[in-house]
Structures are given as structure tokens and as C-alpha cells.
Asker: 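Below is a structure I'd like to ask you about.
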Amino acid sequence: MRAYRHHLGIAVAISLALSAQAADAAVTVGIIAPNSTIIEGSTLPVRATASSPEDIYAVEAEFEGLTIELTPTEDGIFEGAFDLGELGGDLPYGPHVVTINAYNTFGEMASARGTAHRYAPPTIVWNVQPHDTLTNGWRFDAKCIPTPPYECRSLWTRFQSDEGSYELLAEPGFPYPQPVPGRLYVKEGAYDGRMLPSGRTYTLTIEVSDYIGPTITKTIGPIHVDRSPRLTVVQRAPGTILDFDATRMLFLDYRRRLGIFDRSTRETTWIEAIPEWDAPLSAVYGALTPSGSVHQSVTGYILSWVNGVRRQIASGTLAPRLDAVNGDTVVWTAYDDDRGFAHSLATNTNRSLWRGPGSRSPFQADVSASGDVFFGTYEQASIVGPGNALLGDHAGNLQRPITDGTNVLGRWWDGKTSSSYLYTADGEEVFLGDSITGVSAGLLAHAGYAGFLKSDGDANQVWLRDPDGEQHQISDFPTSSQFDQVKLRVGHDGISDTGEVLFLNAGKRYIGRPGGAPEQISTALGHGRWLDGSWYVTIGNTLFQVSSAPGAIAQLAAPGNAAFEREDGLDGEREVLSTSFADAEDEVRDAQIWARDLHEPDALPASADGSELTGDVDADTGGDIAPAAAGCSAAGPAGSPGGAAALAAALAGLVFARRRRARP
């Protein structure tokens, strides 16, 4: 028996003990391949076994009118391959029969049959993209569209969050009759009325199968859900919004690209592509500046984009951390907070602020609109201001100072209580109150107003000090409230020009004002801020404006099932994103899954992971605090005219004795 080179081509060969035997013959034939084989190339390999007490004379294979003789191999297998090009045209989609006939020298024969499929996988259609936010009036839906004559047999979707999962399953006839034979559909709330709980961030998994090809699985995320009626969609960015102002958005997309999106022209300026081996993407955060942007990279660098030129502020060897940004001034630290620097984007120069070799302190700073830097460390008892002037001298660890150019606020933590103080432009020290938390992000300053947390004995309540020096209690909840803070915006986004205060409690976002009950405007997802006379919320890739009165419906819908390709992810009517898994250039293939992690090691509230939101939570709201990131806008915090100059003058005469203390 002559040797035969084993060849399978690109088909899938599945061994099967399938045999047939003529009733009056002593010939046995069995098929190894094809058997439910998917045809993927221009040839169809055939493998069979044949045996008889007499010698096997010939083994032949028949397929769609073609006949080939199979060649014996040393291991007793008979092999061959059909050249599908000889069929003279495209082979129709569907199952096709291959017949194997074996003959012995007495003319006896036996036959066996196998199946080969000319196959294309189904197409999946769904209506969300990574970083999208499902809002009021927008329900998730997906469908499986088969390639005839095959039918979709299973469509399963699962939204997974830290709090639980939500699943939708469709099979032929289950859980309700499908409108088009062969297709499968799922729609949020269509079967049992259940909707995805708001206030959560999900990872979406979609699986489809036609029981012929392999199960197709796609993972998409993060997907956010906030169906608060007070949120109205303004615009979408091509990725998660890190910062925004009146004309631009700084964003990071699912392809790991950082860019600036022009809100008017809808053009994108790409800044950096994050290498795939760098993770997590949650380590990337940044802010818009008048000349471009600045950001902390996962590679351990601090980089700026100044008038179209990419610059390096600090290399990874310095272990740098971007701490504060306002206008053209950037504050950053080196060597694990052993040193602090102020960087001028205009001149591309650094100025040393602090040096403490071996320090165990988090260096924490704030920058006024005029570029004045105020900072604090655990080693020092006082806030250090311009000209090394000192503010305050209190027991405990000094936490992040906050300034609006008029007032400076600071907190000192003694292990049990955070004591908050305000320093006016006239040099007056004002005690604001004590709160039962060690988290430093407990102060707000804007336009002469100051927001602070004060304990009522059981929980921290939100208070406001107005420019006239009067103090007003804003919240009165049984559980502690906290301010809506994110990196590079700590202390500056939660007060309006007229003294409204934005804060979080039990997984919900509120606006409070003196003399009135707080109004819930959304879940605690994302980040809220005051800008140009309005409140805004960013969640994922979506910028919302807060409506002035309850009952306004967010202008976002998912009309129809028309497929389209969308590269930029811009605003407008929500259309359905369609993708075929047979397309090697699938726009959403292998999308990176990541969620924004807004913990700032030294200054963000514990509520960023929901640890303090332990009160009663509505079932339709949830208690997750998983904000999308927002940075610092080019516009600095507002202050009264001449406030910075007055404050600098007051600081010259306001020098408190610095008290040395042992390093903790």
C-alpha cells in the first residue's frame, strides 16, 4: 500500500463511527470527514475507512455531481479532496451531502454519507456602544439575523455589574413568538417589564448560536444606565469624557486613544495611543487647558499637548503624579511625593514647591485661576501659600487645601475627626465645623461660597457658607452625604454662581440650596459640575444638562433598526450599530473592557466605590458609585474681582508659627 500525504486543507475533520453495510455484501465503509464539516476554503477534504474479507478494489466519493477516487494510506485510511472550483460557481449556503462508495474485488459495495456545510455565521445587531449611557426613553435591544437556510437557535445577553446581573434570552418560540422566522429578538422590558436598574455600570455579553457553527460571543463595555428624567443629552464624545468645557471634550476611547473633540466642528485631534500592554486604563486621567491638555499616562509619564505640540512634563523614572491643574499651571509630584513642582505650560518650565526626602505624606495642592499654588503635607501643620506664607496651625494631618482665588479652605484630620477652616482674603480664620470622616475631599470653594461637611452626631451633613459669612445647612439625611469629586476637579465643581450645592447621598445626586429641600437630579453615576450658568453631568461618553424642573425627558431614543457604521460616536439620534462577525474589520471586535476608577489616593471621597452609601437604596436606582472621569476645565474657579491680589497681600502679614512634628 503506497504512502499518502495526510492533508486536511482548512476544513474541520471530526471523527465519527458512522458506517453502512450492504445487506448481502461483506464490505464496510465509514466516514471520518466530512461530518457536519464547515467548508471554509476552495477544497473539501474527504477521509474514510473501508474493509472487506476480500481486497478493497476502489473507494470513491461523490459531491454535487463530482466524483473522485480516494487514495489509501499506510494506516488504512482512504483520503482525497474535492476541488470546489470545478463546480463552476458559488456553492449555495446550506448543508450538502458527500457519498462514499467502497467496492471489493467481487464487486460487492457499501455506502456511507456525510454532511458538509457551506456556512456563514449570523449577524448580530445591537444598539449600544462602549461608554454609552442608556437614558430615559432608550431601551436596549439586540437581534440575531441568520444566513439562510440556517436559523438562529439561541440569543442570550447578560448585563453584569458589581451589584448583580440582568439577562435576556430568546430561543425559537421562547419566551414569546418571534416576529420573523429564523431570527431572534430580545428587548429590555418586553417580556416581563423588568428594566436595567439605574445607577450602575455594566459589562454586556452577547452570545448567539445557530447550532451549526461555533457559538459567537461578544463582550462590550462599559455600559452605563441612568434614566433620570432631569438629565437631557447634550452631546456625545467618541469615548469616555475626562473633561469638557464650552467648546471641547477630552476623552479616552475603547481603542485606547486619547483625543480632544471639537464640539462645534466635531473634529478630533488625537494626542496619544495607549499601548495595549499598559494597564489599567483607569490610570489615565487629565484636564483641558487653554493651550490644549495635560494628562497622566499609564506609562508613568505626565504629558502635555500645547498648541499642537506633545511635550513630556515628567518621565516615569521620577514616579510622577499629576496633582492639580488650572489654566496654564500644573502641579505634579516626584519620587512618590517626596518633591512637589509647579509647571508652566506657557514657558515649559518647572518651579520647586516642596522637598521632603523619605516623606510618607501625600502632597496635595490647589491652583487658583491666577496661578497661585496652595499646598499641604502631613509633615507640616500649615497650608503653604504664595511666598511661603502659612495659613493655620492645627493638630492632625493637613489635607488638601482648596481655593477659589478669594478664600482658602483646609481640613486637619486627627484620626477621628476632620476639622475644617476657612481663611478670608483679609486674613481671618473661620472655623467651619467637624466631620466624622478622614477623607480629604470634603470642601468646595467657588465665587466666594464655601461648601463643607459637618457632623450632626450620626452623619455628615452638607453646609454652605455664603459670601456674607452666613452658614446654612443644606442636607438632613440619616446617612452621610459627600461631595461629587473627581481627580483634578476636587473642590471646584459643586457650587453654582448663586450658591446651589451639588452632593451625593445613598447612590443619588442632589442639588441643595439654602431654605429648600434638596432635589434629586440623577443617580450618583458619573460626575456633575457647574459651568457657564448650568449644571451638567458626564456619564461615560455622554454630556447631559440638568433640566430646571422635574419631568423633562432626556432627548435620546433608539429609532428603528437601521444599521450604520459610526466611527466618531457623535451626538444626534441614536441609531443601531450593526456588525457581522464574519467581517474581519469589525469595528467593535475585541474592544477593551475597562471602567473608570476615580479613587485619588490622597483626596477622593470613599463614596467613589460606594463604601459610605449604605442607607436605603431604591430598587430602581441602585447604590453604585462608579463615576466616569472628568478633569479640570480651562476656566478656573471664579472669585471676586481683585480677590487674588487681596489674598496675596493678606498672606504677607498672616504668618503662623510652623510647628514641627514627628513623621507618622
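Along the sequence shown, the residues carry numbers beginning at 1.
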Asker: Counting only N and O atoms by type, is there a donor-acceptor contact under 3.5 Å from the side chain of Glu267 to the main-chain atoms of Asp262?
Answerer: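 No.
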Asker: Per the side chain to side chain contact (heavy atoms under 4.5 Å, CB included) rule, which among Leu443, Ile402, Thr403, Asp366 passes with Val408?
Answerer: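 Exactly one option meets the side chain to side chain contact (heavy atoms under 4.5 Å, CB included) with Val408, and it is Thr403.
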Asker: Using modelled atom types only, decide if a donor and an acceptor are shared between the side chain of Gln485 and the backbone of Gly491 within a distance under 3.5 Å.
Answerer: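 Yes, the answer is positive, given that a donor and an acceptor are paired below the 3.5 Å cut-off.
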Asker: Give the intermediate values and the outcome of ring pair (Phe, Tyr, Trp, His ring centres under 6.0 Å) for residues Trp463 and Phe483.
Answerer: CA-CA 11 Å; Trp463 284 71; Phe483 295 127; over 10 Å; no
Asker: Give a yes or no on whether the ring-centroid distance for Phe251 and Trp270 is below 6.0 angstrom.
Answerer: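 Close enough - the centres of the two rings lie under 6.0 Å apart.
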Asker: Establish, yes or no, whether a centroid distance under 6.0 Å links the rings of Tyr202 and His224.
Answerer: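 Not under 6.0 Å, so no.
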Asker: Run the side-chain contact (heavy atoms from CB on, under 4.5 Å) test against Thr347 and tell me which residues pass, sequence neighbours left out.
Answerer: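 Result, side-chain contact (heavy atoms from CB on, under 4.5 Å) vs Thr347: Ser344, Thr349.
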Asker: Without swapping roles, check the side chain of Asp226 against the backbone of Thr523 for a donor-acceptor pair under 3.5 Å.
Answerer: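 Looks like yes, one N/O pair under 3.5 Å.
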Asker: Kindly determine whether Leu353 and Val331 satisfy side-chain contact (heavy atoms from CB on, under 4.5 Å), including the steps that lead there.
Answerer: CA-CA 9 Å; Leu353 296 172; Val331 176; 4.1 Å; yes
Asker: Just wondering, do Trp530 and Ile495 contact through their side chains at under 4.5 Å, heavy atoms?
Answerer: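 Ile495 vs Trp530: side chains apart.
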Asker: Got a salt bridge between Arg310 and Glu272, using NZ or NE/NH1/NH2 to carboxylate O under 4.0 Å?
Answerer: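 Salt bridge flag = yes for Glu272 with Arg310.
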Asker: Is the shortest side-chain N to carboxylate O distance from Arg255 to Asp253 below 4.0 Å?
Answerer: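 Between Asp253 and Arg255 there is no salt bridge, as every charged N stays at least 4.0 Å from the carboxylate O atoms.
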Asker: Kindly say whether Ile436 contributes a backbone atom to a donor-acceptor pair with the side chain of Asn460 at under 3.5 angstrom?
Answerer: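 Checked: pair present.
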Asker: Are Phe503 and Gln482 packed together at the side-chain level, in the sense that at least one heavy-atom pair is separated by less than 4.5 angstrom?
Answerer: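 Of all side-chain heavy-atom pairs linking Gln482 with Phe503, none is under 4.5 Å.
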Asker: List in chain and number order the residues that pass side-chain hydrogen bond (donor to acceptor under 3.5 Å, both in side chains) with Ser496, two or more places apart in sequence or in another chain; answer none if no residue qualifies.
Answerer: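 By the side-chain hydrogen bond (donor to acceptor under 3.5 Å, both in side chains) rule, Ser496 matches Thr498.
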Asker: Sub-3.5 Å donor-acceptor pair from the side chain of Arg529 to the main-chain atoms of Phe244, do we have one?
Answerer: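 Confirmed, Arg529 side chain pairs with Phe244 backbone.
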Asker: Take Leu453 and Val462, measure what side-chain contact (heavy atoms from CB on, under 4.5 Å) needs, and give me the verdict at the end.
Answerer: CA-CA 5 Å; Leu453 300 178; Val462 176; 4.0 Å; yes
Asker: Take Trp305 and Val294 through the side-chain contact (heavy atoms from CB on, under 4.5 Å) test and state the conclusion after the steps.
Answerer: CA-CA 6 Å; Trp305 184 261; Val294 61; over 6 Å; no
Asker: Compute whether any side-chain donor of one residue and acceptor of the other, for Arg509 and Ser522, lie under 3.5 angstrom apart.
Answerer: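 Yes, side-chain donor-acceptor contact under 3.5 Å.
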Asker: Does Tyr254 reach the main-chain N or O of Ile220 with its side chain, forming a donor-acceptor pair under 3.5 Å?
Answerer: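 Side chain of Tyr254 to backbone of Ile220, a donor-acceptor pair under 3.5 Å: no, none is there.
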Asker: For this output row, return yes or no: ring centroids of Phe363 and Phe375 closer than 6.0 angstrom.
Answerer: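 For Phe363 and Phe375, the ring centres are under 6.0 Å apart.
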Asker: Are any of the side-chain heavy atoms of Asn541 and Asp132 separated by less than 4.5 Å?
Answerer: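 They are in contact (side-chain heavy atoms under 4.5 Å apart), so the answer is yes.
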Asker: Give the intermediate values and the outcome of side-chain contact (heavy atoms from CB on, under 4.5 Å) for residues Thr201 and Ile223.
Answerer: CA-CA 6 Å; Thr201 295; Ile223 305 296; over 6 Å; no
Asker: Is Asn348 reaching over with its side chain to a backbone N or O of Leu345, donor-acceptor style, under 3.5 angstrom?
Answerer: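 No: the side chain of Asn348 does not pair with the backbone of Leu345.
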Asker: So, Ser297 side chain and Gly300 main chain: donor-acceptor pair closer than 3.5 Å or not?
Answerer: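 No, because the side chain of Ser297 does not come within donor-acceptor range (under 3.5 Å) of the backbone of Gly300.
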Asker: Indicate yes or no for a side-chain donor-acceptor contact from Asn350 to the backbone of Phe341 under 3.5 Å, with no hydrogens or angles considered.
Answerer: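 Side chain of Asn350 to backbone of Phe341: no pair is present.
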Asker: Closer than 3.5 angstrom, by distance alone: can the side chain of Arg257 be matched with the main-chain N or O of Ile271 as a donor-acceptor pair?
Answerer: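 Side chain of Arg257 to backbone of Ile271, a donor-acceptor pair under 3.5 Å: no, none is there.
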Asker: Salt bridge check: are Arg355 and Asp338 linked by an N-O gap of less than 4.0 Å?
Answerer: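 No, no charged N to carboxylate O under 4.0 Å.
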Asker: Measure the CG-NE2 distance between Leu488 and His295 for me, rounded to the nearest 0.5 Å.
Answerer: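 Reported value, rounded in 0.5 Å steps: 12.0 Å.
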Asker: Is Lys487 paired with Asp323 through a side-chain N to carboxylate O contact shorter than 4.0 Å?
Answerer: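 Salt bridge between Asp323 and Lys487, a charged N being under 4.0 Å from a carboxylate O: no.
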Asker: Would Trp412 and Tyr421 count as a close aromatic pair, with their ring centres under 6.0 Å?
Answerer: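 Ring-ring flag for Trp412/Tyr421: true, centres closer than 6.0 Å.
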Asker: Does the side chain of Ser534 reach to within under 4.5 Å of the side chain of Val546, using non-hydrogen atoms?
Answerer: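 They are not in side-chain contact.
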Asker: If we only count heavy atoms from C-beta on, is the Arg263 to Val234 side-chain gap below 4.5 Å?
Answerer: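 They are in contact (side-chain heavy atoms under 4.5 Å apart), so the answer is yes.
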Asker: Are Lys454 and Asp434 ion-paired here, with the side-chain N under 4.0 Å from a carboxylate O?
Answerer: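 Looking at Lys454 and Asp434, the cut-off is not met.
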